[in-house]
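All ligand and atom numbering here is 1-based and tracks the order in the structure.
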Amino acid sequence: MALVNPMYFIKKAQECGIAIASFNVHNLETIQAVVEGAAEENCPVIIQTTPGTLKHAGIPYIGAMVKAASEQVDIPIALHVDHCKSFETIMQCIRYGYTSVMIDSAHLPYEENIEMVKKVVECARSVGVAVEGELGRIGGVEEDLTVDEKTASFTVPSQAKDFVEKTGLDTLAVAIGTAHGEYKGVPDLDFERLEKIRELVALPLVLHGASGVPDHQIKASLERGISKINIATELKIPMARAIQEVFKNNPKENDPRNYMGAARSAVKEVVRQKIRLCNGTDFASRL
Ligand code: 13P
């Protein structure tokens, strides 16, 4: 299928109490792993790239690879740019086929954040592209983006209502205790805060930093209105381990098809597990 605007399936997921698992990819094999894993679960999926990956691989390469991957299968797939601070990069992504963008202007003073998000919504919506924004700041490290403990802040429910009304966003990422990257201890999500946000804001909510969050907390967040979960680290770790294992067993290995093939299989397994955790199996047949 051609790439689609993810609101086509996120809205339905919200009605059904399902979350769309959204995976950060870095290269051809991770794109294939996500698309094949999602197709085997018969579930729509969002493929996302950070600005760091765009710098590494190039927007035209990612756009072309994801388009080609999407055309091999019958499930709806969206391509999303994650945590993008640059209006120009967002426009370039749209030019190369992205169907969804996240403008990350949460570091700006509140009124400036609103102005920036409004500008992106106006441009993206006019060409049928969805927009995600963030309120509060999710801590941790995601490639070029580092938010230390002092800067991280939780989403304030009343402000979330104001933010959504003033910007016209499609989805809102909430800061309720998750962090990007590996956790030092077990995360403890603030479900009371999530419930208050849900009461005040009708649009689908997004949980970043979902790697390492125990399954029961992911399930509880789905029950309280999370409709998209973002996973990066939990794909990177098995990928690296699979490659390490290949070289441990055969230090002379030099065929990229062998070590990258092992990486692809390991990533695909996690993709399938996460889709099942989000109640996504066979969701494509309910659209
Ligand atoms: P993790 O690396 O913790 O899975 O976070 C991913 C994420 O939120 C991408 O925006």
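- The Ile231 neighbourhood of ligand 1 comprises atoms 4 (O), with distances under 4.0 Å to a heavy atom of that residue.
- Closest heavy-atom approach to atom 8 (O) of ligand 1 within the set Gly212, Gly209, Pro187, Ser22: this belongs to Gly209.
- The residue Thr50 has no part lying near ligand 1, judged by heavy-atom distances below 4.0 Å.
- With respect to the salt-bridge test (charged N to carboxylate O, under 4.0 angstrom), the residues Arg264 and Glu36 do not qualify.
- Both Ile62 and Val73 are part of a single hydrophobic cluster, where members link through side-chain heavy atoms under 4.5 Å apart.
- Residue Thr233 has at least one heavy-atom neighbour below 4.0 Å for each of these atoms of ligand 1: 1 (P), 2 (O), 3 (O), 4 (O).
- Contact check on Glu245 versus Arg241 returns no salt bridge, with no Lys/Arg side-chain nitrogen under 4.0 Å from an Asp/Glu carboxylate oxygen.
- Among residues two or more places apart in sequence or in another chain, the side-chain hydrogen bond (donor to acceptor under 3.5 Å, both in side chains) test is passed with Gln217 by none.
- For His83, every heavy-atom contact with ligand 1 shorter than 4.0 Å involves the side chain, none the backbone.
- Side-chain atoms of Asp162 and Tyr110 form a donor-acceptor pair, as typed in the model, at a separation below 3.5 Å.
- With sequence neighbours excluded, the residues that form a side-chain hydrogen bond (donor to acceptor under 3.5 Å, both in side chains) with Thr30 are Asn27.
- Of the protein's heavy atoms, Ser211 OG, 2.5 Å lies nearest to atom 4 (O) of ligand 1.
- Looking at ligand 1, you'll find an N or O of Asn230 within less than 3.5 Å of one of its N or O atoms.
- The protein heavy-atom contact nearest to atom 9 (C) of ligand 1 is Glu142 OE2, 2.6 Å.
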Q) Does the pair Asn113 and Ser105 meet the rule for a side chain to side chain donor-acceptor pair (under 3.5 Å), with working shown? A) CA-CA 5 Å; Asn113 186 3; Ser105 41; 2.7 Å; yes
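- For ligand 1, the atoms lying closer than 4.0 Å to a non-hydrogen atom of Ala179 are 3 (O).
- Aromatic ring orientation, His208 versus His180: perpendicular (interplanar angle above 60°, classes split at 30° and 60°).
- The protein heavy-atom contact nearest to atom 10 (O) of ligand 1 is Asp82 OD2, 2.6 Å.
- Judged by the shortest distance from any of its heavy atoms, His180 lies inside the 4.0 Å radius around the atoms of ligand 1.
- Residue Gln48 has no N or O atom closer than 3.5 Å to an N or O atom of ligand 1.
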